[in-house]
Amino acid sequence: MNPLTVEWVDKAEGDFTTALRELRARKSPNYDAACFHAQQCVEKYLKGRLQEAGISFSKTHNLTFLLDLLLPVEPNYDIFRQKLLALTAFAVAYRYPGASADKDTARQALKFCKEVRQ
């Protein structure tokens with residue numbers, strides 16, 4: 001694995017740890033943050049795989065866009081399309097006033113993240 005790919009993976013794992021910690025917090029859990037970091041984890045894993053394959057990508061939070069770039073080298077990743085579509089919304093959905101995630105939403109985000117992360 002090239003050094004930049006390792007950095008992407010390390011950043012992804014940091015987001016995964018944060019998402020998990022917020023979901024599991026007994027005092028003042030931040031479910032919005034859990035959803036955001038679940039999305040960020042998957043985004044960084046996809047970008048790391050693109051980096052490793054030598055495929056250029058732009059700054060984006062759109063996971064299905066990243067998936068489409070990856071399909072020529074990872075055609076089996078298409079099974080994650082619906083999960084990636086759902087996770088993409090978490091990049092911005094709960095970061096601003098007007099909507100908040102609940103525990104069930106955060107659980108679902110982490111579940112999808114874990115499935116893609118494997």
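For reference, positions follow the sequence shown, starting with 1. Keep in mind that the numbers below use all heavy atoms, side chains included, and drop hydrogens, waters and symmetry copies.
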Run R117 and V42 through side-chain contact (heavy atoms from CB on, under 4.5 Å) and show every step you take.
CA-CA 7 Å; R117 183 173 163 258; V42 172; 5.8 Å; no
T18 and D15: side chain donor to acceptor below 3.5 Å:
no
Once you round to the nearest 0.5 Å, how far does CG of L87 lie from SG of C41?
9.5 Å
Which residues satisfy the side chain to side chain contact (heavy atoms under 4.5 Å, CB included) test with K11, sequence neighbours excluded?
K44
Any side-chain heavy-atom pair from E13 and Y45 closer than 4.5 angstrom?
yes
Tell me every residue that passes side-chain hydrogen bond (donor to acceptor under 3.5 Å, both in side chains) with T5, counting only those two or more places apart in sequence or in another chain.
N2, E52
Looking only at heavy atoms, the pair that brings L110 and A19 closest together is CD2-CB, 3.7 Å
Residues at least two apart in sequence or cross-chain that pass ring-ring contact (aromatic ring centres under 6.0 Å, His included) with F36, listed by chain then number, are none
Membership question, hydrophobic clusters at under 4.5 Å side-chain separation (ILVMFWY): are I55 and V116 in the same one?
yes
Compare all side-chain heavy atoms of L84 with those of L46 and state whether any distance is below 4.5 angstrom.
yes
Distance check, rounded to the nearest 0.5 Å: Q51 atom CD versus M1 atom CE?
11.5 Å
Test log, rule side chain to side chain donor-acceptor pair (under 3.5 Å), inputs T64 and N62
CA-CA 6 Å; T64 56; N62 186 326; 2.8 Å; yes
Single-linkage hydrophobic cluster F57~L85, side-chain heavy atoms < 4.5 angstrom:
no
Could you pull out all donor-acceptor pairs under 3.5 Å where a side-chain atom in residues 22-31 meets a protein atom, sequence neighbours excluded?
unit_1, atom_1, unit_2, atom_2, d
E22, OE1, N30, N, 2.9
N30, OD1, D32, N, 3.2
N30, OD1, A33, N, 2.9

Could you state the interatomic distance from CG (D104) to NZ (K111), rounded to the nearest 0.5 Å?
12.0 Å
Taking L4 as the starting point, is it possible to reach V9 by hopping between hydrophobic residues whose side chains are less than 4.5 Å apart?
no
Can you name the closest pair of heavy atoms from F112 and A86 and give their distance?
CE1-CB, 3.8 Å
Do you know the tightest heavy-atom contact between F90 and C35?
CB-O, 3.4 Å
So do the side chains of L63 and L66 get within less than 4.5 Å of each other, counting heavy atoms only?
yes
Contacts of A93 meeting side chain to side chain contact (heavy atoms under 4.5 Å, CB included) (sequence neighbours excluded), chain-then-number -> none
Would you name the heavy atoms of C113 and F16 that are closest together and state the gap between them?
SG-CD1, 3.8 Å
Residue pairs involving residues 70-88 (criterion side-chain hydrogen bond (donor to acceptor under 3.5 Å, both in side chains); sequence neighbours excluded):
R49-E74, D68-R81, D78-R81, K83-E115
